[in-house]
Each structure stands twice: as structure tokens, then as C-alpha cells.
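Accompanying notes for the structure given below.
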Amino acid sequence: MGASRLPQPSPQTPIIVIGSGIGGLTAAALLAHRGYPVTVLEQANIPGGCASTFQRRGFTFDVGATQVAGLEPGGIHHRIFTELGLEIPAATPCDPACAVYLPGEIEPIQVWRDRQRWQQERQRQFPGSEPFWQFLTRLFEASWQFQSRDPIVPPRSPWDWGQLIQALRPSTLITVPHTLATVGDALDYYGLAADRRLRTFLDLQLKLYSQVDAAETALLYGSTALAVSQVPQGLWHLKGSMQVLSDRLTHALERDGGSLRLGQRVTGLVLAGDRVTGVTVLNTATGSTTTLAASQVVANVTAQNLTQLLPSSCPPFQGYRRRVQGLPAGSGAFVVYGGVTTAALPPQCPPHLQFLYDYDGPLGENNSLFVSVSQGEDGRAPAGCATIIASTFTDPHLWQDLDPRAYKQLKKQYLDQTLGRLGQFFTLNPETLRHSEAASPRTFAHYTARSQGLVGGIGQRVSTFGPFGLATRTPLPNLWLVGDSTHPGEGTAGVSYSALTVVRQMVRQMVG
């Protein structure tokens, strides 16, 4: 692709944002609010990415994300919505944040929102572990204070380094010696490595947030993931659906002069030297291809997708491409969406549950399930009904290269297994189960365009977290990466922090 196809960008040439996931929409809305021309290109027919929704027979299903952090005052969503002049979405706190069922146990481990109640629960469930939990709390509080000062992590320019240094305080330096440690290392230090129940509980919780278990999860990331469920932070269940986040961000974007174009798949980047001058775009409805000029490009895609958009001959990206290719394999998800009558639910059913069925099995492949249940009149189900969304991690390679018949058989096998597992807790029968369907990594690849249908970013190992992770800056000065491949990781709060970082870096660069 040659630069001669495009005029050089002018001050009126828009910033192009590829993808309307929460990270992309947040970056676009903030840039538009600050006076920059912005166009968001989205290959799907609805914004939101993995935080979007779909409807079936009166039920509204959250595609991927089902809970939100950062709505409290000072939280990232609260900060961004306040800057944009948007009303904070109505939500109820998740309490407990999760009820975790270990193999053969009928009483769950309840992750309570109240700090004292959660402390009492973990002391009862895991005797002798309190020094470990107190250590995690100290790390979390220091890390949270550090993150709240908006450091640029990892830094890639003198200005980035300045922002990072300004965020440091003596009270946050407690985290520095633990930068290279894992949660598993902390368990070993406190003599808890042999506590099977505790390690398994940690593995289940961390797999949701970091994509890897306690042995691999970076300690600083794990301390945040394991403490963010309690006040004054907490997890929230949105009224209506997760779509409310993208709807309000879209409103702010368009109100401030930006635009969102759906059904537009970016297939490549146009380069002139080491700068991006435009994007090639496929209209998914007509099949026609156009080229749009861009002054800057923000890619709300996976790191793997980003390398696929660049010409293989792009010299500045050779090292970057090799690093991405060398990343550990990511996870896919198999998800079952069920619409049920409330008769299917046990009394006082928590909004989120985790089940592990066999200690010796994998953290996925239907041996573990993460389940979200709609609550009361939250807008996700008709009167007298509820939604149940159950997901399990799966190897995306299992689903690739299957012929249609084999793929259909595997999908049915996983669906039947999942419904069978759910039937051990919920009352599922022809009278209570009104609707069910499933999504595999191939489904997510089709609808979200994420490479291999991967979920949750690149995994929060020591080698990929924080100072060792992928930066929002890329080797090209006007190409930026936003989303769960960058610090601080997955989730709507994580990708919103990433978006704020990108916007601050871009504005600094554009104003000089």
C-alpha cells in the first residue's frame, strides 16, 4: 500500500479509531470532547464490542462483560462520565461479588462487598491465611494510589517517564520489590502453597481477571484483582444491560462532533515512511473498499490484530511483530446464553457464581463455569423471567479448522455439557428453560473480529504486566494501541484507563 493514494493529513483530517469497544469509544469521546475531529469505524452493526448485547425472545443478553468496576466516585468510569458531562449509569452493587463453589462442596465461598464481612468469610474458609490477605491488601492500596495518579505504564518517551515519576510516592514504593513476583510466590512465602482449597479459589478468581492462575499471575495485578470487589471500590450490575456504557459514550461522541460508522471493517493501514496516513475500509454490507485519510490512528484491537493490519515489510514493526508472535497462547470462551423463568433460580441467587467440578481438571473446558444471573427488574428479561449466562475458558485451537459438521457436533457437545452442569444448581426443564444458545471462539471471531476469538487480552503474567507489558505507544509515532492488550488489562475499567492514557499521550504530542 503506497502513500500516494492519499493526500497528506491536514488539521481537519480526522483521527480514526478502529473498533468501538469500550476502550475505543472512550478514547474517541474524550478526543471529541477536547475538540478533535474523530471518526470511529466498527465492523459490527452495534457498538460496544465484548460489552455489547443482543436480544432473543424478549431477553437481553450481555455478550461478554457482565459486571463493571469503577462507577464509584473517583473510579475510572465515574471520572470519564463526569468529564464528558454524562449521567452515571444506574447500577446496583454486586454483593456478594461472587459465590464460589469448590468440588463436592454445597456451601459457597462468598466474596462479600463489605471488607469486614469478607475478612470474616476468608478467615473461616481459609484458617491461617490472614497474613497473606493483609499483605495483598497493603499492595493493593499502594497500587491503587499509584494508578489513581494516572501514570503512563509502560513509559516509552521522556514525557511518559515524567508522568510515571510524578505518580510515585514513598507510600507506593512498597510495590517495587514485588514487581517480579507472582501470587504463587506470595503463597509460598506465607507457607500456604499446600492449601489446596485456597490455591484453587485463587486460581478460579484470577483466571477471570488475569487469564492465568495464581502461579503465573503477576502479584501486583493479582492484589488488585482480589481486592477491587470491596468498598470503597466494588463491582456493579448495570440496570438495562452493559450496552448502556457504549450508548452513552456514543451519545457524547456524536454530541461533540465525532462520528460512529458501523459495518466498516478496517483491513489495512496506509503508510508513508514511519507514519500512518490512512486506513483501507471494507463496507461489510456492500463489499466495496475505500481508503480514508487519517491524522492519527487509535487501534482498539488485540495486539495480534494490530500486526495483521500492517504491511509485512514495515521495518519499524519487525521487533514488535516478533514479540507479539512470541506471546503465550491466549484463551477463548465458550458461552451459553439462557433465558429462564424465575422458577429456575434458587432462593437469593447471587448475581455471579463460579463452579469447579473436578480438582484435577482444567480451569475451563466445562470443568469450571462462571455464571451471571440477571437481577429482579434490571431490564434484561420479561416479567417473571431471568437471564443466565455461563462461560468456560476453552482452547481456541479446538474450534479452528473444523468442517461444518464437526463444528456443529462439538458445539452441541459443549452446550449439552454446560446445561447439564447448570442443572445441578438451577432447575432447568422444558417449562423453565425458555431459550438457550451458545457461542464459541469462532462466534466471537466472527462478531468481534478478535484474532482467533481470544478473550481477555494477553494475560497478566510478570512478563506482560505493567512495566513489562505492551505500551499504548507503538513503533509508529501516530499509531496507538488501546484496550485489553495494554496496561492495566481487561475489563471495562481496565480498557478505560488505557483509553485515558492514550488520549493524554496524543494530546501532549499534538499540542507539542
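Numbering of residues begins at 1 and proceeds along the displayed sequence. Side chains included, hydrogens not; waters and symmetry mates left out as well; all remaining heavy atoms used. The structure displayed is predicted, hence computed values, not measured ones.
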*CD/Glu107 to CD/Gln125 distance, rounded to the nearest 0.5 angstrom?*
5.5 Å
*Examine distances only and state if a side-chain atom of Asp95 and a backbone atom of Arg113 form a donor-acceptor pair shorter than 3.5 Å.*
yes
*Count the heavy atoms of every other residue, nucleotide or ligand shown that sit under 6.0 Å from CD of Gln116, and state whether that count exceeds 12.*
no
*Do Thr200 and Asp203 get their side chains close enough for a donor-acceptor pair, meaning under 3.5 Å?*
no
_Tell me whether Thr66 contacts the main-chain N or O of Ser372 through its side chain, where contact means a donor paired with an acceptor under 3.5 Å._
no
*Nearest-0.5 Å distance that lies between atom CD1 in Ile458 and atom CG in Leu327*: 5.5 Å
*Can you check side chain to side chain donor-acceptor pair (under 3.5 Å) on Gln145 and Ser171, steps first, answer last?*
CA-CA 9 Å; Gln145 292 172 18; Ser171 61; 3.3 Å; yes
*Taking side chain as C-beta onward, heavy atoms only, is Leu481 less than 4.5 Å from Thr472?*
no
_Here's one to test your reading of the geometry: is the NZ or CZ of Arg421 within 45 degrees of the ring axis of Phe355 and under 6.0 Å from its centre?_
no
*For the side chain of Asp484 and the backbone of Gly457, is there at least one donor-acceptor N/O pair under 3.5 Å apart?*
yes
_No-hydrogen, no-angle side-chain donor-acceptor test under 3.5 Å, Ser451 and Thr302_ = no
*Can you list the steps and then say if Thr427 with Thr432 is a side chain to side chain donor-acceptor pair (under 3.5 Å)?*
CA-CA 7 Å; Thr427 303; Thr432 61; over 6 Å; no
*Can Tyr320 and Leu470 be said to form a side chain to side chain contact (heavy atoms under 4.5 Å, CB included), step by step?*
CA-CA 9 Å; Tyr320 191 94; Leu470 293 177; 4.3 Å; yes
_Please report whether the ring centroid of Trp399 lies less than 6.0 Å from that of Phe444._
no
*Check whether the ring centres of His178 and Tyr189 lie less than 6.0 Å apart, and answer yes or no.*
no
*asked:* Quick one about Gln243 and Ser246 (side-chain donor to acceptor, distance below 3.5 Å, no hydrogens or angles considered), yes or no?
replied: yes
*Can you name the nearest heavy-atom pair linking Leu419 to Leu428, along with the distance?*
O-CD1, 3.9 Å
*Examine Phe54 together with Tyr447 and report whether their ring centres are nearer than 6.0 Å.*
no
_Under 3.5 Å: donor-acceptor pair, side chain of Arg450, backbone of Val455_ = no
*Work out which heavy atom in Gly58 is nearest to a heavy atom in Pro382; give both atom names and the distance.*
O-CD, 3.4 Å
*Side-chain contact test, heavy atoms from C-beta onward, threshold under 4.5 Å: evaluate it for Ile18 versus Leu309 and give yes or no.*
yes
*How about Arg124: does its CZ atom have over 12 heavy atoms from other parts shown lying under 6.0 Å from it?*
yes
*Heavy atoms only: give me the nearest Ile174-Ala142 pair and the separation to one decimal.*
CG2-CB, 3.4 Å
_Under 3.5 Å donor-acceptor, Ser374 side chain and Thr387 backbone_ = yes
*May I ask you to decide if Ala44's main-chain N or O and Glu42's side chain share a donor-acceptor pair within less than 3.5 Å?*
yes
*Has the side chain of Arg321 got a donor or acceptor atom that lies under 3.5 Å from a matching backbone atom of Thr307?*
yes
*Sub-3.5 Å donor-acceptor pair from the side chain of Thr443 to the main-chain atoms of Ser440, do we have one?*
yes
*Do the numbers put Arg196 on top of the ring of Tyr359, so that NZ or CZ is under 6.0 Å from the six-membered ring centre and no more than 45° off the axis?*
yes
*Aromatic rings Tyr101 and Phe425: how do their planes relate, parallel, tilted or perpendicular, breaks at 30° and 60°?*
perpendicular
*Taking the six-membered ring of Tyr407, is the NZ or CZ of Arg442 close enough (under 6.0 Å from the centre) and on axis enough (within 45°)?*
yes
_Shortest non-hydrogen contact between Ile22 and Asn300, atoms and distance_ = N-OD1, 4.4 Å
*Listed once per pair and sorted, the ring pair (Phe, Tyr, Trp, His ring centres under 6.0 Å) pairs that draw on residues 218-246, sequence neighbours left out*: Tyr221-Phe465
*Evaluate whether atom CD of Glu377 has more than 12 neighbouring non-hydrogen atoms of other residues, nucleotides or ligands under 6.0 angstrom away.*
no
*Determine whether Leu500 and Arg79 make a side-chain contact, defined as any pair of heavy atoms from C-beta on separated by less than 4.5 Å.*
yes
*Is it the case that Thr392 and Asn366 place a side-chain donor and acceptor less than 3.5 Å from each other?*
no
*Using 30° and 60° as the class limits, which term best fits the ring planes of Trp118 and Phe201: parallel, tilted or perpendicular?*
tilted
_Close side-chain approach of Leu433 and Val340, heavy atoms under 4.5 Å_ = yes
*Say whether, by atom type as modelled, one donor and one acceptor occur between the side chain of Thr172 and the main chain of Leu168 under 3.5 angstrom.*
no
*With no hydrogens and no angle check, is any side-chain donor or acceptor of Thr464 less than 3.5 Å from a backbone partner on Gly459?*
yes
*Glu130-Gln119 side chain donor-acceptor pair, cut-off 3.5 Å*: yes
